[in-house]
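What follows is one structure encoded as structure tokens, with my remarks underneath.
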Amino acid sequence: MPEKVHTYFGALEDQSSKKAPKAIPEPTLAEDVGRKKRRNKKRKRDEPTEEAQAHPNNVPARTEERVKDLPPAVNEPITVPSVSKEPELEASLDQTSAPKQKPKARPPKSFTDTKTNFTSLREKANSLYELRKKLPIFGHADEIRQRLREQDVMLLVGETGSGKSTQIPQFLVNEFWCRPTPAKVRQEDGSEKSITVGGCIAITQPRRVAAISLARRVAEEMGTPLGSSSPASKVGYSVRFDTSTSPSTRVKFLTEGMLLQEMLHDPWLTKYSAVVVDEVHERGINVDLVAGFLRNLVSGKREGRGGVPLKVVVMSATADMESLMGFFQEGFKEQEQEQKQISNGTTNGTTNGTSNGTSNGKSSEQGSRAITACHIKGRQFPVKTIYSPEPVHDFVDAALKIIFQIHYKEPMPGDILVFLTGQETVENLENLVNEYAIGMDPSLPKILVLPLFAALPQAAQQRVFAPAPPRTRKVILATNIAETSVTVSGVRYVVDCGKAKVKQFRTRLGLDSLLVKPISKSAAIQRKGRAGREAAGQCFRLYTEKDYLALDEANTPEILRCDLTQALLNMKARGVDDIVRFPFLTRPPREALEKALLQLFNIDALQDDGGISDIGLHLAKLPLSPTLGRVLLAASENGYDCLLDVIDIISCLSVENIFLNTTSEEKKEAAETARRDLYRREGDHLTMLSTVRAYAGENVDRKVWAERHLVSHRAMQSVMDVRKQLRAQCRQSKMLPREEQNGHYPDPSPDLILQSFLAGFATNTARLVPDGSYRTIVGNQTVAIHPSSVLFGKKVEAILYNEFVFTNRSYARGVSAVQMDWVGEALAGR
DNA sequence: GAGCACTGC
């Protein structure tokens, strides 16, 4: 039986004690994104077939007559015969609180599509509607709409399974405030310009897969084609390398990074009537920036939107709403104070209607200035927690015992998901389980061990999603990837080691460290929840209850753990002059901010007065770290050939490792032989270049080529995507000639290439000292060349490195040999 | 002698 669904709404009455309807598993977000072209082609091929299968009696319509009488894209109702009252459809008709608008005052653009089978799309949508009605959030549609009519900012806690990500955009899309609105904005020269503001809802997601699969699901539910597949499509998405929207798009799922990028070009987000920020609790650095910019946008005078409000919905799965509430309130307060000062302090009624954490909306004199909050309980089956009675020293060993204990005692079906720290522990445990399984009682069900980590080739990852063979229990050994990015169905038992590898940037040393640390309570709860998606489950924590209680409440926000150079560049490019006054959701330490500013000065991204330079503006628009972007600009001054070569290398540096890890001795030797013709004695940078050139020049079968050279085909596909994007961007900004010359590339010039790199990485250098070790030139830290480098074990005058990381010791990764006088010149030039 | 997870016009 499902747990009781308990739902309450702000300060309103408690509606608990309703029984939950039968759970519907959310669509899994685990599907492979694949490559853009392949998917786009596939989608076009597959969709009609899928529909035909779903409705065997429905002959796919070729006809135009069905299509031509479709209403325009906006306000097109889906007829739901069995439902007497569908709140969503009434939204645009309900004018009790909305200002009256002539229905056809400004008819939205209509685009016709003669190819899509709209009838079958609608039938699908109608059948999905029955499932939507059962989502915990569904009953609150009216209330949510009502509140957002009155207020601009809403905070929504929606637990896993509440349906918030798919339903909220549908609740809002037909609201009167969500229509394109004509507005006048004052331009820099003082003249007025007429523009259209709004009409579209943006929903941000931290991950690409989530953005794409949510868009696909919402398109189905709304009975509209997806993205660019039809000009009449109302739902689209936008992620790097893959944007699929149409002229009629009204609901757009995008990654946080993509929204930031859009904001660089359109700071007032004039396309949007609302921005829904989903999964804020994950607190990636991009979501912090988005939140800061949005706060400035809603609490400011909206002059760039001609005064048209922007609605902001901030959604989180965990209940830490107080800090968010305070965050947005402060923005409104600051603005009130400013206005007070302007109007000489004679305004009245400045009390904010949100003092006790909730707002009843109507009473607030600030109207749209108030913030409203609501909490929707999720749908989750109960999960029993079993703690280790004693502290555990070896969690691999402890996990092994628990896995077999579960397997012997617990009934089938019920797969086991084990959370470990990394590839190494996963592979160790994999071997152990397989060894023990050999001696298992043959009358017992079999065990199928499946590793799952990001570096695993795609095909191996997919095995995890296949259902277990008969009489077999799946044991999935996963890293953090299974905590948020990937949902595995069939899991009823979770084993949680309580640890994860965490990356932490140490400002003072300019060093990234990757260390095993205890997870937070909210991560522990998230892991546990993975056992209760489909039925009641159990979670075995390989730590004591006391240890659990001592854990941090939430994960450390990324903004406190990473290099801030890129974030600050983005802010500067958006015209934030005073970084210290920027509304940070969590303020990073002053030292970290200063260090990042210094770095931006060092690469000429800022002028002496702290304002952004032309170089900085250019860098902000590149899909690269500012440092790599600087290298690209430097290379462009060394001629087309150098720039093309540097693009190839930068493309490699901005994706995961392109060389496959070799585990066995045997493979290692094979790899050495296979890769010998790729290795360059100048170092890793030139080795990457020769690899990209060889891969790109392979016309027969790149996959086979990659396998033979023990190069990751998946990584190389990303490299080619980045390379293409960077080349296109360089052509656009005239750094490369318009035409792509597909000719023969001359031999690279290692000196020019490495000198270009020094323009961004002059401080990432080390020299050989008499004892045979390397010391950083700035800071005099000892650093060792990473074993994955082609220069590992070699001694050269000086090295340039891409990354300085600490695991067991300090390593330089991505290393090339440079001359000391180049380094001297690069450092003197600043 | 070694590789947590995400992400970008």
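Keep in mind that this is a model prediction, so the values were computed, not measured. Chain identifiers are assigned alphabetically (A, B, ...) following the order of the sequence lines, protein sequences preceding nucleic acid strands; residue numbering begins at 1 within each chain.
When rounded to the nearest whole Å, the span between OH of A/Y811 and P of B/dA2 equals 4 Å. Between the C1' atom of B/dG1 and the CZ atom of A/R809 lies a distance of 9 Å, rounded to the nearest Å. Atom P of nucleotide B/dT7 and atom CE of A/M263 are separated by 20 Å, given to the nearest angstrom. The distance between atom CD1 of A/I285 and atom P of B/dC6, rounded to the nearest whole Å, is 18 Å. What separates CG of A/L622 from P of B/dT7 is a distance of 20 Å, to the nearest Å. As rounded to whole Å, 20 Å separates atom P of B/dA5 from atom CD of A/Q205. The nearest whole Å value for the distance from the CG atom in A/D288 to the C1' atom in B/dT7 is 14 Å. In this entry the distance linking CG of A/N428 with C1' of B/dA2 reads 14 Å, nearest Å.
In this structure, A/N657 and A/E256 both approach DNA chain B, and ranking their closest nucleotides by distance from the 5' end singles out A/N657. Residue order along DNA chain B, read from the 5' end via each residue's closest nucleotide, puts A/R561 first among A/Q725 and A/R561.
Residues A/K501 and A/E424 are not paired through a salt bridge, judged by the lack of any N-O separation under 4.0 Å between the basic side chain and the carboxylate.
Between A/K621 and A/Q729 the shortest heavy-atom distance is O-NE2, 2.8 Å.
Among the heavy atoms of the strands lying under 4.0 Å from A/L624 is at least one base atom, whether or not backbone atoms are also near. No engagement by A/S513 is indicated, since no non-hydrogen atom pair under 4.0 Å with the nucleic acid exists. Base contact: A/L514 has a heavy atom under 4.0 Å from a base atom. Counting non-hydrogen atoms under 4.0 angstrom, A/L264 reaches nothing in the nucleic acid. Among the protein residues, A/A500 comes within range of no part of the nucleic acid, since none of its heavy atoms lies under 4.0 Å from any strand. Residue contacts shown for A/T807 are limited to sugar-phosphate atoms, with no base heavy atom under 4.0 Å away.
Distance alone, capped at 3.5 Å, places no donor-acceptor pair between the A/R240 side chain and the A/V722 backbone. The backbone N or O of A/R775 lies less than 3.5 Å from no partner atom in the side chain of A/T782, so there is not a single donor-acceptor pair.
Checking B/dG1, B/dG3, B/dC9 against the side-chain heavy atoms of A/F792 singles out B/dG1 as nearest. The side chain of A/I481 lies closest to B/dA5 when the candidates are B/dC9, B/dA5, B/dC4. Which of B/dG1, B/dC4, B/dC9 sits closest to the side chain of A/Q423 comes down to B/dC4. Picking from B/dC9, B/dT7, B/dG1 the nucleotide with the shortest atom distance to the side chain of A/P787 gives B/dG1. Listed nucleotides B/dT7, B/dA2, B/dA5 differ in distance to A/T255; the shortest reach to its side chain belongs to B/dT7. Which of B/dA2, B/dC9, B/dA5 sits closest to the side chain of A/H265 comes down to B/dC9. Minimum atom distance to the side chain of A/A454 is reached by B/dC6, of the listed B/dA2, B/dC6, B/dC9. The side chain of A/M258 approaches B/dC9 more closely than any other nucleotide in the set B/dA2, B/dC6, B/dC9. Picking from B/dA2, B/dT7, B/dA5 the nucleotide with the shortest atom distance to the side chain of A/R208 gives B/dT7.
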Candidate pair A/I785 and A/K794, rule side chain to side chain contact (heavy atoms under 4.5 Å, CB included), full reasoning
CA-CA 9 Å; A/I785 296 177; A/K794 303 260 178 11; 5.7 Å; no

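You'll find the ring centres of A/F293 and A/F582 inside the 6.0 Å limit.
Residue A/S788 places no side-chain N or O under 4.0 Å from the OP1 or OP2 atom of B/dA2. For A/R240, a side-chain nitrogen or oxygen approaches OP1 or OP2 of B/dC9 to under 4.0 Å.
Cation-pi geometry between A/R506 and A/F806 is met: under 6.0 angstrom from the ring centre, within 45 degrees of the axis.
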